[in-house]
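Taking it in order: structure first as structure tokens, then the write-up.
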Amino acid sequence: MIVLGIESSCDDSAAAVLRDGALAASVVSSQHAVHGPYGGVVPELASREHVRHVLAVIDGALSQAGVALDDVDGIAVTRGPGLVGSLLVGLSVAKGIALRRGLPLVGVHHLEGHMLAVNLERPVDEPVPHPFLGLIVSGGHSGLYLARAPGDYVCLGRTRDDAVGEAFDKVAKVLGLGYPGGPAIDRLAREGNPRAIRFPRARLKRGRFDLSFSGFKTAVWQWVRDNPPTERELPDVAASVQEALVDMLVDATVEALDETGAERLVVSGGVSANRRLRERMAAMGAERGVEVLVPRPALCTDNAAMIALAGWRRLAAGEDDGLGLDAVASLPFGAPLEATA
Ligand code: KG4
Ligand code: ZN
């Protein structure tokens with residue numbers, strides 16, 4: 001079965017092809033150059049860029065896989081959450097192809113894509129065994145989820161305010177490092193001392209697995225205002241900011257591992273491309289006997305291969321969401337913890 005995946009939830013236009021669940025091609029067109037001057041994603045510009053690039057990206061994925069549209073057996077598209085204007089571009093193209101070709105179409109939750117991305121690096125018949133804990137950390141989301149069985153997720157906690165990627169991006173903006181800020185901080189931090197400055201780590205008492213990054217953002221902003229760093233001090237600031245954010249993620253993850261007894265941890269989403277986070281999670285896993293799985297960086301950030309993979313089993317089972325499928329800007333993921341207690 002050949003599945004075409006389409007992803008356009010934020011600022012990456014992406015398409016991918018899976019052949020019987022195995023990755024055949026993945027193409028991502030990034031809009032960083034367009035949003036860079038604004039220091040963040042401008043939704044209306046994002047939608048227009050998707051319109052300009054989505055067809056070329058789909059053509060690129062098909063030709064890279066060596067297949068034609070005629071060979072495609074089903075389409076998987078991100079239906080949410082995300083910027084609604086951006087989502088609608090991918091969804092409209094997917095519906096157009098499905099209608100014209102009489103193909104089944106399934107809508108995929110973006111976070112399920114991130115949860116499953118790691119399976120793209122494993123043999124098709126050996127996905128990560130359930131149950132596993134998933135930490136999803138990106139520019140739009142930060143949460144801890146328990147995958148109990150295929151398609152069965154529990155939301156243990158998520159951010160109460162900003163996503164951790166947003167904290168990376170905003171701090172980078174304050175430091176004049178450009179957008180997206182995560183990779184810039186990651187790079188600069190390699191030459192800095194993570195213990196140079198002690199930034200506060202937010203801990204929530206209620207909603208134990210919930211995360212919060214907006215207070216941290218303000219604390220760094222105030223610190224930078226009161227102690228404007230010189231060029232030479234920037235690596236220390238970057239390393240210290242990164243260490244604080246990574247500490248918060250590791251702490252919440254350790255608590256969730258204790259609580260659930262999960263023996264496997266998947267870390268995914270754009271921020272999981274962060275070198276220090278990968279190092280610290282690997283060390284934590286080795287110490288606790290937990291298997292830590294992190295996809296290669298290109299599969300951590302937004303891509304359509306993960307969307308195609310999440311849709312593939314449903315398409316193979318004969319599911320079809322049909323042309324009534326809607327884009328949804330805010331779409332919860334996983335059953336709430338209280339409902340499963
Ligand atoms: O998953 P993603 O591509 O898009 C969303 O769904 O949001 O994540 C993008 C986020 C941005 O905030 C970016 O700064 C962050 O991931 N990011 C990183 C790194 N690479 C990307 N953050 C820290 N270190 C990195 N190396
Ligand atoms: Zn994402």
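Atoms within each ligand, like the ligands themselves, are counted from 1 in listed order. Both backbone and side-chain heavy atoms feed into the values below; hydrogens, waters and symmetry mates do not. This is a predicted model, so every value here is computed, not measured.
- Looking at ligand 1, you'll find an N or O of Asn274 within less than 3.5 Å of one of its N or O atoms.
- Compare Asp186, Asp169, Leu111 by their heavy atoms: the one nearest to atom 13 (C) of ligand 1 is in Asp169.
- Close contacts of ligand 1 with His110, meaning ligand atoms under 4.0 Å from a residue heavy atom, involve 6 (O).
- To the nearest 0.5 Å, the span separating CG on Asp326 from CG on Leu323 amounts to 11.5 Å.
- Counting only distance, with no hydrogens or angles, the side chain of Arg314 and the backbone of Ala76 share no donor-acceptor pair below 3.5 Å.
- When only interatomic distances are considered, the shortest N/O to N/O separation between Gly140 and ligand 1 falls below 3.5 Å.
- Linking Ile, Leu, Val, Met, Phe, Trp and Tyr whenever their side-chain heavy atoms come within less than 4.5 Å leaves Leu309 and Ile2 in two separate clusters.
- When atom types are taken as modelled, the side chain of Ser8 and the backbone of Ser86 share a donor-acceptor pair closer than 3.5 angstrom.
- Ligand 1 lies out of reach of Cys10, whose nearest heavy atom is not under 4.0 Å from it.
- Every atom of ligand 1 is numbered from 1 in the order shown, and the set under 4.0 Å from a heavy atom of Val271 is 15 (C), 16 (O), 18 (C), 22 (N).
- For the pair Arg190 and Asp186, the salt-bridge criterion is met [side-chain N within less than 4.0 Å of a carboxylate O].
- Inclusion of Thr301 in the set of residues having an N or O under 3.5 Å from an N or O of ligand 1 is not warranted.
- Taking a cut-off of 2.8 Å, the protein N, O or S atoms nearer than that to the Zn ion (ligand 2) are His110 NE2, His114 NE2, Asp302 OD1.
- The heavy atom nearest to atom 23 (C) of ligand 1, out of those in Ala117, Gly82, Gly182, Pro180, is found in Gly182.
- Inter-residue side-chain proximity for Ile75 and Arg101 is flagged as unmet; no heavy-atom pair is nearer than 4.5 Å.
- Legend: residues meeting ring pair (Phe, Tyr, Trp, His ring centres under 6.0 Å) with His35, ordered by chain and number and at least two apart, are absent.
- The backbone N or O of Asp11 sits nowhere less than 3.5 Å from a side-chain atom of His32 that would complete a donor-acceptor pair.
- For Asn303 (side chain) and Thr301 (main-chain N/O), a donor-acceptor pair under 3.5 Å exists by modelled atom type.
- Looking at Arg313 and Glu319, no side-chain N of the basic residue comes within less than 4.0 Å of a carboxylate O on the acidic one, giving no salt bridge.
- Those atoms of ligand 1 with a heavy atom of Ala273 less than 4.0 angstrom away are 20 (N), 26 (N).
- Using a 4.0 angstrom heavy-atom cutoff, His114 counts as in contact with ligand 1.
- Ion pair Asp162/Lys217 flagged as a salt bridge, since at least one NZ, NE, NH1 or NH2 atom sits closer than 4.0 Å to an Asp/Glu carboxylate oxygen.
- Judged by distance alone, with hydrogens and angles left aside, the side-chain atoms of Glu7 form a donor-acceptor pair with the main-chain N or O of Ser9 at under 3.5 Å.
- The heavy atom nearest to atom 21 (C) of ligand 1, considering only Gly139, Ala184, Gly270, is found in Gly270.
- Counting only non-hydrogen atoms, the option in Thr78, Ile185, Asp302 that gets closest to atom 4 (O) of ligand 1 is Asp302.
- Geometrically, ligand 1 and Gly165 share a nitrogen or oxygen pair separated by less than 3.5 Å.
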